[in-house]
Amino acid sequence: MNFDKKNITKEEINEIAKLFSNGDVEAFNFLYKIYSKKVYRFCLRMLESDYVAKDAFQETFIRIYEYRSSFNGQNFECWLYTTARHTCINYIRRRKNTTSIDNIEVSFNPKRHLSIGIKEQIEEKLNQLPIALKEAFILRDMEDLAYDQIADILQIDLSLAKVRVHRARLKLKELLKPLLKEINEAT
Amino acid sequence: MKRHNLLFRYLDGEITRDEDKTLRDIIKNDPELGEDFQSFLEIDYQIDKINNETEYPEDFINEVGLKISNKIVLDNELSIMRKQVRRQYATRFVLIPALIAVVFFTFLISIQNPEINLLTFSNQTLKSKTNSISSTDNKKFIHQSNLPNNKTNITKNSIINYTFNSEEPTQLQKIEQNIDNQSIGDNTDFSSELSIISSNQTDSINQYPYFVSTRQTENNDDPLTQNDKITDKHKFIPKQMQSNALSNNNPYNEEFSINPIIQNITSNIFQTTLINNSNIEINSLFGSDVAQIGVSSANQIVSSFTQSFAAEIFAGTSLGLETGFMEFKANTKKITDISAKPSKSGLNGFSLLEQDNNSSENPVLIRIEGIEVINQRIFWVGFFFERNFLNIQDINISSRISLGATDNGVISSLKLLAKYNLTRGIVLTLGTDARIFEGSFNENQINRINSAFSLIYGVKFTF
């Protein structure tokens, strides 16, 4: 298998993933090179915090290695994102069970008191979405996955995956309405 | 949300040309939807921008990748080491004990050979018992057995007489035992067949002072009286041995057993009879595997042939030389190298690579690993030991243990053979063969220790 090839198909990715599941270190390096930043970005959007995202990212790839024999050879990308999603959800649950000092109102939150940029506002509004809509939106509009892949990762029907993405878009549009109005007026 | 379906199809890049025209017409007539359309496009643009501007902790990501890579390399090395240890374990702690176990159990089967010349034992040991009695009593008994000299002289319901004469000529004891050749078995109670014969069955017991009934030794509450008659089929023992019988509390004490045949079988199972004249045997066996057993199910042995030369050194016992081969299917790693050389027909100054495996100087472009099944024959030579352990009418059942060497390792085989005498000197053979051997053909051999269970059939010539 030529790991230096630029345009690689999903079938080839799956073949390489099979080599990885048999313990091929070169195959792992190749897959890691392709997917490490995507997975980190996904963890970062899901968990909002750099530190937690790093932990979840690391745990995702350790799980991928430890459970490599369970890969069925069908769709490595879905399998990877599913693992990342489960890891992130575990972190979110853990966070809910503990009281973070950031959530205490007396603490100083610069985002609430200072003028912030468009990027930060979009990220903030994105975090206000329910988790089911948020993860669907991230997978579709940020990670550019197809609806059938999203359905596989979220383990839901294809139609439900579409509904969740559409609802997330509409909800985000409503949340960002003041900001978008400002942008339109400015332009 | 239905109003926005066309918008979402546009954002997802799934819209058709007709749908695109319809969408533009709707937006023209619905300013609110047009505003939403602009908002979605703006969000989409900002999301792309956020993605592009995301800062990645490169050092952290590289560190994680490196750690996992190192772990994979380490785990692979550990896995190889474990496989080597398992292989060594299998060779040292499975193969060798298995060989020892096979030899041991075959030995056990061989020595517990019920096919013993019963008459030979009975003659010899009966004499010794008689002498033992006389020495204890200081009265010489003269053994006057009329036991036949060999087994073939025993016929159904034949009468075997043991006669003990004491020095006193008037005291004559005669034991008569009815031997039913067909009913002799391990559990046959010959004692029940014993009767003391006298000219007058109504004579009282004290006419036979040298024998007492075991009833006297077992049950003191029921002693024999002067009026007891000999017709009672008690077990009788020589009177001079009575004290021993009582002290041992064993009416079946072998010293005065009235059942010499069974007694001798149980006490002399390790004895064999040497046959002076040896037979030379040539045996050819063919085999077809019916089962793969043991540690190497990946390999298959499809057929085998064995030729043996043996000499019968004892009755039913042969020792000889065995040689043969197995046709063996084995899974091995197949590595295919595809080499390439620069093509002369370069395009725009670039040289192209084309496949060329003819020259070893060309660099390997790609190496493909696979598995292929190869056919291999293993030849072996070894010694074997064979022993008959059961006769069923004209069929002899025997076991054969062999130990030999191949060019790849050692081989051990245990055969169970049923032999039928077709004519004088020609024996048909049918049986099973369990083999365990070590075989490898090259460094890519996947499994080394192998075992198989075969059906074998053949013919044996004896001279």
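Naming: A, B, ... by sequence-line order, numbering from 1 per chain. Computed from a predicted structure; not experimentally measured.
- Note: B/Tyr10 and B/Phe40 fail the aromatic proximity criterion, with ring centroids not under 6.0 Å apart.
- Legend: residues meeting side-chain contact (heavy atoms from CB on, under 4.5 Å) with B/Lys83, ordered by chain and number and at least two apart, are B/Ser79, B/Arg86.
- A cation-pi contact, defined as under 6.0 Å to the ring centre and within 45° of the axis, is absent between A/Arg63 and A/Tyr67.
- When each of B/Asp44, B/Leu11, B/Asp48, B/Leu7 is checked for heavy-atom pairs under 4.5 Å with chain A, B/Leu11 comes out on top.
- A/Phe61 touches chain B through backbone and side chain together, each having a heavy atom under 4.5 Å away.
- Contacts between A/Ile62 and chain B at a heavy-atom distance below 4.5 Å involve backbone atoms as well as side-chain atoms.
- Among B/Glu58, B/Lys49, B/Glu53, B/Glu63, the residue making the largest number of heavy-atom pairs under 4.5 Å with chain A is B/Glu58.
- For chain B, the nearby part of A/Arg45 is the side chain; its heavy atoms alone come within less than 4.5 Å.
- A/Lys171 pairs by the side-chain contact (heavy atoms from CB on, under 4.5 Å) definition with A/Leu129, A/Leu175, not counting sequence neighbours.
- Ranking B/Ile72, B/Asp36, B/Ile43 against chain A, the residue ahead of the rest is B/Ile72, based on heavy-atom pairs under 4.5 Å.
- Ring planes of A/Phe71 and A/Trp79: tilted class, angle from 30 to 60°.
- Neither the backbone nor the side chain of B/Asn70 has a heavy atom closer than 4.5 Å to any heavy atom of chain A.
- Taking chain A as the reference chain and counting heavy-atom pairs below 4.5 Å, the highest number among B/Asn62, B/Asn76, B/Val73, B/Ile61 is found for B/Ile61.
- Aromatic rings of A/Phe57 and A/Phe42 (six-membered ring for Trp) have centroids beyond the 6.0 Å cut-off, not under it.
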